[in-house]
Amino acid sequence: MALITFEGETFEDESFLERMWGLREIFPKKVRSATSTVVVCSVDLSSKFYRLVRFSLWVGTASFIILCLPIVFEQERFNLEQQQQQHQRRMLLGPNAALTS
């Protein structure tokens with residue numbers, strides 16, 4: 001540890017963790033254990049929530065790909081066939097014939 005001199009006084013440089021470890025004596029045992037419990041529960045809950053969101057996104061994406069994407073492809077294929085038929089009618093019968101039918 002380094003020594004720091006400020007206005008004629010010498011202080012020992014401490015890290016954040018060393019200061020927190022020194023302050024633990026200020027708080028009663030119940031406060032420290034309650035804080036520890038809250039932190040552990042928060043981390044555990046956050047981890048479980050992250051896993052739930054990740055799993056839900058995976059299920060949602062996989063379901064969309066399996067269930068909805070084939071319908072989208074079939075709709076696009078149907079629209080393309082309709083456009084090709086209209087184009088063929090226009091080429092065979094002229095531009096006015098495609099509009100009337």
A.B. asks: With ILVMFWY side chains joined below 4.5 Å, transitively, what does Leu67's cluster contain besides itself?
C.D. replies: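 Traced through the cluster, Leu67 reaches Ile66.
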A.B. asks: Can you pull the salt bridge (Lys or Arg N to Asp or Glu O under 4.0 Å) pairs that have at least one residue in residues 48-76, sequence neighbours excluded?
C.D. replies: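 Non-adjacent pairs meeting salt bridge (Lys or Arg N to Asp or Glu O under 4.0 Å): Asp44-Lys48, Glu74-Arg77.
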A.B. asks: Would you give the length of the straight line joining atom CG of Leu45 to atom CG of Leu52, rounded to the nearest 0.5 angstrom?
C.D. replies: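 One finds 10.5 Å between CG of Leu45 and CG of Leu52.
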A.B. asks: Could you list the residues that satisfy side-chain contact (heavy atoms from CB on, under 4.5 Å) with Leu80, not counting sequence neighbours?
C.D. replies: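 If we apply the side-chain contact (heavy atoms from CB on, under 4.5 Å) test to Leu80, skipping adjacent residues, the hits are Gln83, Gln84.
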A.B. asks: Using every non-hydrogen atom in the two residues, find where Phe27 and Leu23 come nearest and quote the distance to one decimal.
C.D. replies: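 In terms of heavy atoms, the two residues are closest at CD1-O, 3.7 Å.
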A.B. asks: Who clusters with Leu57? Use side-chain heavy atoms, under 4.5 angstrom, across I, L, V, M, F, W and Y, and order the result by chain and number.
C.D. replies: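 Answer for Leu57: Phe49, Val53.
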A.B. asks: Rounded to the nearest 0.5 Å, how far apart are CD of Glu81 and CD of Gln86?
C.D. replies: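 CD of Gln86 is found 12.5 Å from CD of Glu81.
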A.B. asks: With rounding to the nearest 0.5 Å, note down the distance linking CD in Gln85 to CZ in Arg89.
C.D. replies: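 Gln85 CD to Arg89 CZ: 6.0 Å, rounded to 0.5 Å.
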A.B. asks: Tell me, please, which residues at least two apart from Val59 pass side-chain contact (heavy atoms from CB on, under 4.5 Å).
C.D. replies: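 Applying side-chain contact (heavy atoms from CB on, under 4.5 Å) to Val59 gives Phe55, Ser63.
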A.B. asks: Excluding sequence neighbours, so at least two apart, what forms side-chain contact (heavy atoms from CB on, under 4.5 Å) with Phe78?
C.D. replies: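 Phe78 satisfies side-chain contact (heavy atoms from CB on, under 4.5 Å) with Gln75, Gln82 once adjacent residues are dropped.
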A.B. asks: Applying side chain to side chain donor-acceptor pair (under 3.5 Å) as the test, list every pair that has at least one member in residues 32-42; sequence neighbours left out.
C.D. replies: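 Those involving residues 32-42 do not exist here.
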